[in-house]
Structure formats: structure tokens, C-alpha cells
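Keep in mind the model is a prediction, meaning the values are calculated, not measured. Side chains included, hydrogens not; waters and symmetry mates left out as well; all remaining heavy atoms used. Sequence lines set the chain letters: A, B, ... in the order given, protein chains first and strands last, and positions in each chain run from 1.
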Protein chains: 2
Amino acid sequence: MADIADVARAAGVSTATVSRALSGRGIVAPRTKELVQRVADELGYVVSASASSLSSGRMRNVGIVTPFLSRWFFSEVIEGAQQVLTAHGYDTTLYNLAGEANQRKIIFDEFLLRGRVDAVIAIELALTPEEVRKIHSVDKPLIGVGGEIPGVRTISINETEVARIATQHLLDLGHRSIASLGGVEQFETDFHVASTRHLAFLEALAGAGIEPNPAWDLTADFTIPGGYAETAAMLAASDNRPTGIVASSDEMAIGAILAIKDAGLRVPDDISVIGIDGHDLAEFFNLTTVDQFVRHQGELAATILLDEIMPHRTSPAASNTDMPVKLVTRGSTARPRA
Amino acid sequence: MADIADVARAAGVSTATVSRALSGRGIVAPRTKELVQRVADELGYVVSASASSLSSGRMRNVGIVTPFLSRWFFSEVIEGAQQVLTAHGYDTTLYNLAGEANQRKIIFDEFLLRGRVDAVIAIELALTPEEVRKIHSVDKPLIGVGGEIPGVRTISINETEVARIATQHLLDLGHRSIASLGGVEQFETDFHVASTRHLAFLEALAGAGIEPNPAWDLTADFTIPGGYAETAAMLAASDNRPTGIVASSDEMAIGAILAIKDAGLRVPDDISVIGIDGHDLAEFFNLTTVDQFVRHQGELAATILLDEIMPHRTSPAASNTDMPVKLVTRGSTARPRA
DNA sequence: CTGAAAGCGCTAACAA
DNA sequence: TTGTTAGCGCTTTCAG
């Protein structure tokens, strides 16, 4: 592999000029720049990432730390962020916390601090103050997506609002018998998304003067099978069924729809179902949902981070960014039958 | 940040000894090693990735190149590979080829060759000879998952066999009116998975002396909506329907099941459906499928790669590894009604 | 088993 | 605008 000295020699300039010409940093005469670039191309020269990083301190690499990879929300955020990063010449290194618990410590200590990344995106991760401190101590920009972390800039939606919008949609349609298909907090590190949304659900009901029915207070694991099982159990348990269901995720909502159909009932005629997410499959299942533009959350996180890393540094960006959400009305919700 | 000299000083040894003690390479007296490790811990010392890489040539980083991130097969492979890599102290850098076409060239030239990775895993990517040459020219181990690449070691299943098993399962049950719900080749870079499977389907039919019905030759994009639409269209087009459907992916099979139900028919009573994949949702939809152990394919790819990178280098591993597949019988297939 | 010292290839002051 | 040069922090011969 040709190195910078080879290029310098072939172009008849110094290595410093080659560096400047190729990196775009510093001033180089246009014709010199052109010459260097041509020579570099001819020689098939590519800068050595490690040498460049060692001397400059820049890695051109952003770490994404996530508890899941194959779940919709997470892969969507990753894809959004990655696309922006790649477009700006940044690599994306993935740290998956799915494994053992102490892998988490290892990842923080050995990987992030080893200086492999310029910045970190944490997806739906309740970082401990200790972890936040560590990252900040090595002076790396950190941004969270999907849950607020004390002392850390975060991209997220207003969980209360999104649940309120969903519930209100059913109330506005005239429903008064409404079930909640909420999520369960699975980990100590969770963000209480589930409880926040449930609270908003209850408040919306209260605002309409409705007493919640405990038998209609379902919780599942955010997945289709989970939503199905809970809904099926509720329908099997009693003939007294709700006319509407507010699900905390689109996948659970889809599970609910399937359960309702399997029980010989119809959506929305017998039961209306609304989800939260804006999942790829929502349209297929004709699901009314509150879209939270997940991919865009990832894109924005990457954009903000790049802004902090790159020379320009234009927009300082607000400390916590509340993303907009939007009710998307489809065929799974309707007025309850008289 | 403490550097290696700080540790050496505090431990009263040379930097060379610190390096040896901490990296495990070279011989160090047990007590010296222990001492160094303790001192390093106390000082919170972590090796600088770039410095280490520059001087050693090792990156402790494997690149995964994939055309998709959020599709089941791909995220499954990535998760499997990543888990193994992380467990061995390797980072995983993701290169997503989803964007523009020329991003592909950039990724190869600027990223992989820039020496950021020690090895490359390519998921379902038909690399051009030129791309393979480039990677080999920089002497980086490369392994493909899910499609054979000339001159490259590959982990994959026998596409012919998997389709034959699926078709044969229906034949064995006594079906003689069988539809094919195959995939479409979406990209020039595809591996003809779709056509290979379709061929095997036809061969299996021929073996049973059955003439395929052109009206039952469906193709879709491997997704649930795609499978649904094709199946629904077929059922709507004529009363002459098959008693079984062989789908080239579980998601399409699920779409078919939903379409059959929506058409007022039952699975498997009216129509049997079998998929190929071993998708997470197969169990939920009670889908008979041919499991191809995708996650395991990712794990194996990573294992083989590490084997090439790491000092030990035990197993040379075969040049092309055909993964086993397994028929998983569930409730979506049964004997056709008399 | 340990230490000395020569780089690894590039960037960024500083000078010119 | 360009060149000179001193590192960046670690690994790895080579000696001892």
C-alpha cells in the first residue's frame, strides 16, 4: 500500500501538503490540490485510519449502543442514524447490550473509552450516572434516543402526549369502554415508557369522566404474540368486552386485531384498535396509529452529533428535543356501534 | 487519560512489559503481569485503539456489509455475528448498502480499504470480482453469508434442498395441487435464491409426476404484504385453488395464511401453507417451515473469521460451508381433504 | 523474563 | 501557500 510519502514524492510536494490536499483542512492552492488528488488516485492511496486517528484524535466513527438489534424500533433508529453518518463519511460501530449484564460494563470500559468513537448514540438506554460520567470524562458527545437521561441530550417523543392522543382518538369517536394494552417494563434500565403511557391513558379516561375497568388493563411485551395472547385472554374471560383498545405499540395492536378476528369479532365494527409507533406493517393491517417517526429520530440524533463533532458547529440544538407525533387514521378505528 | 508510560512508571517496569502484560502477547512473569494489571486498573488505563492499531496493524474490528438492516434475515445474521465478535473483544462496524448505488463504491474504497477492519462479513451480497479483488489485495479475510461468491468462502444453505424439502413435505402429505409463492430477484446483485428455489419446486413436482399450474406460480417481495397480495389475488381470480402453497419465505407464508383466512377459507383445512426460514413469528402463526438457522449462520461466519485472524488458527474450515436445515412441522400443513 | 529504542503513517504547529 | 519537524501512544524486534 502506498503511503503518504509515496504520494508526496510522486507529486513533488511535502507530506503536509498531501495531507492538507486530501483532507480538505488547511489551505492548498487549487492546482496543487488537484495534482495531489490525481496522483493519490493513480497510486491507489488511501489514508490509514489508525495513523490519521492517532495524530489527529479524530476517529470518524460514531458508536451506537443499543439493547436490541432486530426489534423494529431499534433497527429503525439505527438505520436512520447510520444513513446520515455514512453520508458524512463516518463509520458506525454497533454495540449490542443484549448479552450478559457485565458485557455492558465491558463495552463501556473497554470499547467506548478505548477511544474508538468520536461520539455515542444510546438507544433507549437508561445510562447510569456513572456511565454518563465516564463518557463525558473522555469528552465524547453523547445523545440519547427514546428516553431521557439525566444530564444527556435526548431525542424523544412526549410519551404522555402520544398516549393521550391515542386514547383521545377513541374517546372522540364516542368510545367509553376502552381497554389498555400497555407494555411491561422489562429491565431495570427501562424508561418507564409503559407506565407513563398508561398514566396518560388513565388521565384521558378521567378527563372524559370514565372509570377504567380493571379487567381491561392488559400488559404485554410490545410484540405481536404478546398483544394477541392478552387480548385473546380478555375476550375469553368475559362477554363484557370493550369497544376500543389502546395499544402501546403497533405490534401489540396487530396482535390484538388478530385475536379479535380469531374470536369471531370484527375490527373496527365490534372493537376498534389503535396503536402507537408508525410501524411498517401498520398500513398492511389497516391500523390507526400515532406515528412517532422513528427513523427520523435516528437521523436527527446523528445530525446533531455530527454538528458537535464537525468543524462548522452551527446549530447548538436544544438540550432535549421533543419530536412531533402524528395521528394516522386508518380502518381499525371507528365509532362504536350504537 | 493515563497512557502506557504512566503505568510503566507507576509499576516500575518498561512500557514494553506493560504492553505484553496487558495484551497477553509475549511472556511476562505471573507476578509482574498481576502487578501491571493492578496498577493499570488503579490508573484507569485503557489502551488507545488508534495507537495500538497503528503499531500492530490489528484493528480488533470486523466490518459487516449488508444491503439491509431491518429485515429479519439480515438483522438476525448481524446479531449472531456480533455476539460472537463482541465476546472475543472485537468491535463490529456496520456498512449499509441501502443508500445510493455509488455509496457502494465509496464504502469499499474509502472505508474498508482505509484499514478500519481486520476482516469483512458480506451478507447476501453478490460482490463483483473487482470488489473481491480489492479486499483480497489488502489481505483481509472475507466471508459471505447467504449466497456464494466466486473465490470467497461462504456460509449458506443449499437453496435447492431447502425448497425441495418444503415441496416434498406437501407432496408427502398427499397434495397434488400446489402453488409456488416465490421471491422476486430485486437487485442485479441478487443470488438467484428465488429462481433456484423455484427450480427445485418444479423438480419436486415433476418427480411426483405433477404438471405445475401457471396460475399458481406467484412471486412477491419476501414480505407479509407481498405474500398476502399475491395469494389474495390468486384466490379471487378463480375457484380452482391449490390445496397447498410453498412459500419462499416465512413472511410471505404468513401473508398467505392471512389472505386465506380473509378469503373465508381455513388453514390447513382448505389450504396448507409451508414457509422457509424459521422466522421468529413462525411459531405464533403456527407455521410449518424449513428452518435455516439464520442466527447460527451469523455466528459461524464470525467464528470462522476470528479463527483466521487470531493467533491460534486451529481449524482451517472448509471453503464453502453448507448449513443444515430442518423441517419444523406445525399446524399450517395437513393432508388435503379428500 | 525484561528493557531500549525504532518505528507504525499521519497531522499540526511553526517557520519560511 | 508550502515545507520542516515533532510528536500521537503503542508494539515489537533485538539485546541482555
Exercise. Judged by atom type as modelled, is there a donor-acceptor pair below 3.5 Å linking the side chain of B:E299 to the main-chain atoms of B:G80?
Worked result: no
Problem set entry | Any donor-acceptor pair under 3.5 Å from A:T17 side chain to A:V13 backbone | no
Problem set entry | Beyond-backbone contact of B:M323 with B:L300, side-chain heavy atoms, under 4.5 angstrom | yes
Problem set entry | OP1 or OP2 of C:dG9 under 4.0 Å from side-chain N/O of A:S48 | no
Give a yes or no on whether a salt bridge exists between [X] and [Y], defined as a side-chain N under 4.0 angstrom from a carboxylate O.
| X | Y | value |
| --- | --- | --- |
| A:R9 | A:D6 | yes |
| B:D118 | B:K140 | no |
| A:E130 | A:R133 | yes |

Exercise. Quick one: on DNA chain C, does B:S14 or B:L54 contact a more 5' nucleotide (nearest heavy atom)?
Worked result: B:S14
Problem set entry | Members of residues 26-38 of chain A that approach DNA chain C, where some heavy atom sits under 4.0 Å away | none
For this session: Would you please say whether a donor-acceptor pair under 3.5 Å links the side chains of B:S75 and A:S75?
Result: no
Distances for protein N or O near nucleotides 11-14 of chain C N or O, under 3.5 Å:
unit_1 : atom_1 : unit_2 : atom_2 : d
C:dT11 : OP1    : A:S52  : OG     : 3.2
C:dT11 : OP2    : A:S19  : OG     : 2.6
C:dT11 : O5'    : A:S19  : OG     : 3.4
C:dT11 : O4'    : A:S55  : OG     : 2.4
C:dA12 : OP1    : A:R58  : NH2    : 2.5

For this session: Identify the two heavy atoms, one from A:I157 and one from A:Q297, that lie closest to each other, and give their separation to 0.1 Å.
Result: CG2-NE2, 3.6 Å
Seminar exercise, completed: Nt span of DNA chain D in reach of chain B heavy atoms at under 4.0 Å, 5' end first, is D:dG9 to D:dT13
Exercise. Cation over ring, A:R71 on A:F68, under 6.0 Å and within 45°?
Worked result: yes
Exercise. Does a sphere of radius 6.0 Å around CD in A:E42 hold more than 12 heavy atoms from other residues, nucleotides or ligands, not counting ones at 6.0 Å or beyond?
Worked result: yes
